[in-house]
Amino acid sequence: MEKITTIGLDIAKHVFQVHGINGAGATVSRRKLRRDDVVEFFKALPPCLIGIEACATGHHWARVLMALGHEVRLMPASYVKPYVKRQKNDAMDAEAICEAVTRPTMRFVPVKSEEQQSVLMLHRVRELLIRQRTMLVNALRGHLAEFGIVTRQGVAGVGTLIALIEDDDHDLIPPLARSALLPLIEQLQEVHEKVNAMDRQIHAWHRSNELSRRLETIPGIGPITASAIAATVTDASLFKSGRQLAAWIGLVPRQNSSGGKDRLGRISKQGDPYLRRLLVVGAHAVLRFSRKAKVAPTRWAAGLLVKKPYNVVAVALANKMARIVWALMTTGRRFEATASL
């Protein structure tokens with residue numbers, strides 16, 4: 001077999017597709033591999049460039065192949081798709097990956113470490129538990145509304161509902177309905193305890209990570225947002241400016257420009273939706289605090305609030321926070337307390 005210099009690897013659960021080319025760009029290997037045969041196949045090859053789509057298990061296989069001495073580059077699947085010729089199958093996908101990884105203008109995804117993926121898993125599980133908690137609260141409110149029991153929103157309202165269900169000294173709730181709602185209360189309390197446990201683990205990692213502690217110095221960014229950014233953005237220097245990071249998160253207007261005419265729409269909402277939501281929520285907190293304290297966060301934000309809706313200003317402030325995040329991550333500095341957003 002001729003020497004393979006570049007490989008496009010289409011990963012899956014059980015069957016992997018390999019497309020290898022030599023230095024002249026000619027195809028020299030095209031084969032399928034079972035999952036158990038992947039490591040042995042690449043262990044027998046001399047070091048080469050391997051392209052993989054940045055999808056599920058992509059970071060794991062990148063770490064495995066890098067440990068064997070290969071150079072591995074991950075690419076967003078949406079950037080690989082234009083290189084697929086005609087119809088789609090595993091062989092075509094592997095060939096497209098092999099073609100895309102050699103393009104000089106291709107953008108690559110940094111390989112995450114096991115620690116970073118573990119922290120992000122804490123965030124994902126916490127989000128799932130919070131959604132389950134919200135579902136249980138809504139179920140309690142909806143069921144009790146059938147008996148004319150409605151309380152205010154928030155934690156205080158939920159506590160009132162739980163007290164009414166657990167108290168059997170009144171006849172507001174029929175006994176059969178109470179027996180049906182008690183398991184929901186037990187599950188709600190269990191989920192709430194698990195969310196608190198996740199919060200403690202995230203805060204503990206945040207305190208042990210120097211980058212996450214620096215990001216927390218930015219107004220509107222707390223331990224949750226700081227740890228999520230530190231675990232998601234592996235290498236901020238890959239972005240040429242803070243504007244590129246904000247665009248990657250999806251906090252810039254979507255463009256539909258042509259013929260020299262700039263047409264800007266709503267924000268693109270590309271990139272990581274979790275980071276985007278955390279930054280927008282943090283921006284809302286900054287604006288809300290400044291409104292309660294009767295002080296403007298900056299002259300810039302105060303001027304925007306006069307002309308633009310509150311939500312639009314919050315997104316603009318989140319964009320600026322993302323640019324400050326990039327500056328702190330690339331310079332190694334902390335946010336100055338005397339500085340303003």
Side-chain angles (χ1 to χ4, degrees), residues 4-21 25 27 29-35 38-39 41-42 48-66 70-114 116-121 123-124 127-128 228-229 231-236 238-240 244-252 254-256 267-277 322:
I4 298 176
T5 59
T6 306
I7 289 179
L9 179 63
D10 183 50
I11 60 177
K13 186 179 294 184
H14 299 296
V15 180
F16 293 59
Q17 182 71 38
V18 173
H19 184 92
I21 61 176
T27 301
S29 177
R30 181 180 290 180
R31 58 178 297 181
K32 291 182 179 180
L33 295 174
R34 301 296 298 181
R35 185 183 185 90
V38 173
V39 174
F41 174 80
F42 284 99
C48 60
L49 173 63
I50 303 174
I52 303 176
E53 288 184 335
C55 54
T57 72
H59 292 274
H60 163 72
W61 285 111
R63 291 193 296 267
V64 170
L65 297 177
M66 289 169 66
H70 298 286
E71 180 185 358
V72 182
R73 296 180 182 176
L74 300 179
M75 298 166 290
S78 59
Y79 291 174
V80 177
K81 186 176 180 180
Y83 295 92
V84 178
K85 301 182 180 68
R86 297 272 179 171
Q87 303 185 43
K88 181 186 183 303
N89 54 51
D90 291 347
M92 291 294 184
D93 288 345
E95 182 180 354
I97 294 171
C98 187
E99 175 72 20
V101 75
T102 60
R103 297 299 91 195
T105 58
M106 178 57 62
R107 295 182 180 179
F108 301 103
V109 178
V111 179
K112 288 183 173 60
S113 65
E114 291 185 350
Q116 289 176 311
Q117 287 192 296
S118 300
V119 174
L120 290 177
M121 196 171 296
H123 282 269
R124 300 295 183 258
E127 280 294 295
L128 175 61
I229 294 174
T232 303
V233 184
T234 305
D235 186 4
L238 295 177
F239 300 97
K240 295 181 180 180
Q244 281 196 358
L245 176 61
W248 176 76
I249 297 175
L251 290 170
V252 297
R254 180 187 294 273
Q255 291 197 42
N256 188 23
I267 59 173
S268 65
K269 293 186 179 180
Q270 296 179 351
D272 193 320
Y274 183 62
L275 287 186
R276 182 172 59 254
R277 178 160 55 85

With rounding to the nearest 0.5 Å, note down the distance linking [atom1] in [X] to [atom2] in [Y].
X: I11; Y: D90; atom1: CD1; atom2: CG; value: 11.5 Å
X: K112; Y: S118; atom1: NZ; atom2: OG; value: 12.5 Å
X: T27; Y: I21; atom1: OG1; atom2: CD1; value: 7.0 Å
X: I97; Y: T6; atom1: CD1; atom2: OG1; value: 13.0 Å
X: F42; Y: C48; atom1: CZ; atom2: SG; value: 7.0 Å
X: I249; Y: T232; atom1: CD1; atom2: OG1; value: 9.0 Å

Could you list the residues that satisfy side-chain contact (heavy atoms from CB on, under 4.5 Å) with [X], not counting sequence neighbours?
X: Y79; result: P76, M106, R107
X: R86; result: none
X: K32; result: V15, Q17
X: E95; result: H19, R30, K85, M92

Sequence neighbours excluded, which residues qualify as salt bridge (charged side-chain N to carboxylate O under 4.0 Å, His left out) partners of [X]?
X: R124; answer: D272
X: R103; answer: E99
X: R73; answer: E71
X: K269; answer: none

If I compare all heavy atoms of [X] with all of [Y], which pair ends up nearest, and what's the gap?
X: G250; Y: I267; value: O-CB, 3.6 Å
X: V109; Y: H59; value: CG1-CE1, 4.1 Å
X: L238; Y: P110; value: CD1-CG, 3.1 Å
X: G20; Y: I7; value: CA-CG1, 4.1 Å
X: V101; Y: G51; value: CG2-CA, 3.7 Å
X: A100; Y: Y83; value: CB-CD1, 3.7 Å

Take T5 and L49, measure what side chain to side chain contact (heavy atoms under 4.5 Å, CB included) needs, and give me the verdict at the end.
CA-CA 6 Å; T5 59; L49 173 63; over 6 Å; no

My understanding is that only residues two or more places apart in sequence, or in another chain, count here; which of them pass side-chain hydrogen bond (donor to acceptor under 3.5 Å, both in side chains) with [X]?
X: R63; value: Q117
X: D10; value: none
X: Q270; value: none

Does any part of the side chain of W61, heavy atoms only, come nearer than 4.5 Å to the side chain of V38, both counted from C-beta?
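Yes, at least one pair of side-chain atoms sits under 4.5 Å.
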
Under a 4.5 Å cut-off applied to non-hydrogen side-chain atoms, are I52 and L65 in contact?
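Yes, side chains in contact.
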
Between E53 and L74, does a side chain to side chain contact (heavy atoms under 4.5 Å, CB included) hold up when you go through it step by step?
CA-CA 5 Å; E53 288 184 335; L74 300 179; over 6 Å; no

Please evaluate residues L9 and F16 with respect to the criterion side chain to side chain contact (heavy atoms under 4.5 Å, CB included), reporting the C-alpha separation (whole Å), side-chain torsions for both, the decisive distance (0.1 Å), and the verdict.
CA-CA 7 Å; L9 179 63; F16 293 59; 4.2 Å; yes

Verify, without hydrogens or angle tests, whether R254 (side chain) and S268 (backbone) share a donor-acceptor contact under 3.5 angstrom.
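Side chain of R254 to backbone of S268, a donor-acceptor pair under 3.5 Å: yes, one is there.
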
Sub-3.5 Å donor-acceptor pair from the side chain of T57 to the main-chain atoms of H60, do we have one?
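It does not hold such a pair.
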
Which residues share a ring-ring contact (aromatic ring centres under 6.0 Å, His included) with Y274, sequence neighbours left out:
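Checked Y274 against ring-ring contact (aromatic ring centres under 6.0 Å, His included); matches are H123.
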
Does the pair W248 and L275 meet the rule for a side chain to side chain contact (heavy atoms under 4.5 Å, CB included), with working shown?
CA-CA 10 Å; W248 176 76; L275 287 186; 4.2 Å; yes

